[in-house]
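Shown next, in structure tokens, is the structure this report addresses.
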Amino acid sequence: MIRRMEEKDLTGAAGLEQRYFSVPWSGEQLKESLGSPDYLFLVAEEEGRVVGYAGLLKILDEGDITNIVVEEAYRNRGIGKRLTEALLDEGKKCGLHAFTLEVRAGNLAAIHVYESLGFVREGVRRRFYERPVEDALIMWKREGASPGRPPEA
């Protein structure tokens, strides 16, 4: 089940951060962000346990997808894609028209999911990630854009 994150989910989300991100958000950072109207967080829950979560920062009419993570034992089941789809749907309900994210250049599985949802590669942030150092692809999904091309100005 995918639903909005609640305070009771913070421990599970923080645990995912610690296990899967080289520079994780702390439980306190997650709690502060969850309380802010500028953020939107969703969780994937199975058998009462948080097995994934996704976050988005709302900036005017754009959404910056901050994190998407799924517990390793639950990967390859479409949970990450469903979390991303739900995040996009909820963002659109909030009036967002464009979405961006950064992804490790070597995370081919995530890149494939994002491209299948209409995100396109628009830039690279060199040496963006730490532990290990790796480039980040900057990807965008804009309402009304043709697949593979940003909209015309």
Side-chain angles (χ1 to χ4, degrees), residues 1-5 9-10 13-14 16-26 29-45 50-72 74-153:
M1 168 175 48
I2 300 203
R3 59 173 175 76
R4 291 242 182 176
M5 184 186 284
D9 303 315
L10 288 171
L16 290 169
E17 281 280 333
Q18 294 298 316
R19 285 191 298 283
Y20 298 110
F21 290 111
S22 61
V23 183
W25 288 23
S26 69
Q29 288 171 306
L30 282 169
K31 184 176 182 177
E32 285 177 21
S33 298
L34 181 63
S36 168
D38 296 330
Y39 280 91
L40 169 65
F41 290 100
L42 302 176
V43 296
E45 180 183 64
V50 173
V51 299
Y53 97 93
L56 175 136
L57 172 61
K58 297 178 260 182
I59 306 168
L60 302 174
D61 65 344
E62 297 178 351
D64 180 6
I65 297 175
T66 57
N67 286 339
I68 298 176
V69 62
V70 175
E71 183 75 56
E72 192 168 5
Y74 291 85
R75 293 181 184 168
N76 299 312
R77 299 182 188 184
I79 294 171
K81 185 173 186 174
R82 288 195 309 273
L83 271 169
T84 307
E85 288 171 324
L87 200 59
L88 295 172
D89 288 344
E90 289 297 314
K92 288 175 188 173
K93 289 177 188 174
C94 295
L96 305 180
H97 300 287
F99 300 87
T100 188
L101 57 83
E102 286 120 357
V103 59
R104 282 184 179 270
N107 190 345
L108 300 180
I111 293 165
H112 174 74
V113 167
Y114 302 142
E115 288 178 337
S116 76
L117 294 172
F119 282 86
V120 295
R121 303 172 197 207
E122 293 193 20
V124 176
R125 293 190 198 283
R126 301 275 178 227
R127 304 176 58 83
F128 181 77
Y129 290 105
E130 302 174 16
R131 294 182 236 144
V133 173
E134 188 172 1
D135 293 346
L137 297 180
I138 303 167
M139 301 184 79
W140 279 90
K141 177 181 174 70
R142 293 181 173 93
E143 226 172 79
S146 300
R149 288 183 18 172
E152 303 207 11

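Along the sequence shown, residues are numbered consecutively beginning with 1.
Here the closest non-hydrogen pair linking Val51 and Leu16 is C-CD1, 4.0 Å. The minimum heavy-atom distance linking Gln29 with Pro24 is given by the pair OE1-O, 4.1 Å. The two atoms that bring Ala54 and Ile68 nearest to each other are CB-CG1, 3.8 Å, heavy atoms only. When all heavy atoms of Ile79 and Ala44 are compared, the closest pair comes out as CG2-CB, 3.6 Å. Residue Ala86 comes nearest to Ile2 through the heavy atom pair CB-CG2, 3.8 Å, listed as atom of the first residue, atom of the second, then distance. In terms of heavy atoms, Leu34 sits closest to Met5 at CD1-O, 3.7 Å.
Within the 4.5 Å cutoff, the side chain of Leu87 has no heavy atoms near those of the Glu90 side chain. Contact of the Tyr53 side chain with the Leu83 side chain is not registered, since no non-hydrogen atoms from C-beta on lie closer than 4.5 Å. In this structure, the side chains of Ile65 and Tyr114 stay at 4.5 Å or more apart for every pair of heavy atoms. Side-chain contact between Arg126 and Asp135: present, with at least one pair of heavy atoms (C-beta onward) separated by less than 4.5 Å. Considering only heavy atoms from C-beta on, Val43 stays 4.5 Å or farther from Met1 through its side chain. Within the 4.5 Å cutoff, the side chain of Val70 has no heavy atoms near those of the Arg77 side chain. Side chains of Ser22 and Arg104 form a contact here, defined as non-hydrogen atoms less than 4.5 Å apart. At a threshold of 4.5 Å between non-hydrogen side-chain atoms, the residues Val124 and Leu137 count as touching.
Between Trp25 and Phe41, the two ring planes are perpendicular [angle over 60°; tilted spans 30° to 60°].
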Dump the intermediate steps for side chain to side chain contact (heavy atoms under 4.5 Å, CB included) on Arg3 and Asp9, then the final yes or no. CA-CA 11 Å; Arg3 59 173 175 76; Asp9 303 315; 2.7 Å; yes
Evaluate the criterion side chain to side chain contact (heavy atoms under 4.5 Å, CB included) for residue pair Lys92 and Phe99; output intermediate values, then yes/no. CA-CA 10 Å; Lys92 288 175 188 173; Phe99 300 87; 4.1 Å; yes
Under the side chain to side chain contact (heavy atoms under 4.5 Å, CB included) criterion, do Ile138 and Phe128 qualify, and how do the steps go? CA-CA 11 Å; Ile138 303 167; Phe128 181 77; over 6 Å; no
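Put simply, the side chain of Lys58 never gets that close to the backbone of Gly91: no donor and acceptor are under 3.5 Å apart. Proximity of a side-chain donor or acceptor of Arg131 to a complementary backbone N or O of Val23 within less than 3.5 Å is not detected. Side-chain atoms of Arg75 do not come within 3.5 Å of backbone N or O of Gly80 as any donor-acceptor pair. Here the side chain of Ser36 pairs no donor or acceptor atom with the backbone of Ser33 at under 3.5 angstrom.
Scanning for side chain to side chain contact (heavy atoms under 4.5 Å, CB included) contacts around His97 gives Asp61, Glu143, with sequence neighbours left out. A search for salt bridge (charged side-chain N to carboxylate O under 4.0 Å, His left out) contacts involving Glu102 returns Arg125, not counting sequence neighbours.
Under a cut-off of 6.0 angstrom, the local environment of CG in Asp38 is crowded, with over 12 non-hydrogen atoms contributed by other residues, nucleotides or ligands.
Ion pairing of Glu62 with Arg142 is absent here, as no side-chain N (NZ or NE/NH1/NH2) approaches a carboxylate O to less than 4.0 Å. Between Glu72 and Arg19 there is no salt bridge, since no side-chain nitrogen of the basic residue lies less than 4.0 Å from a carboxylate oxygen of the acidic one.
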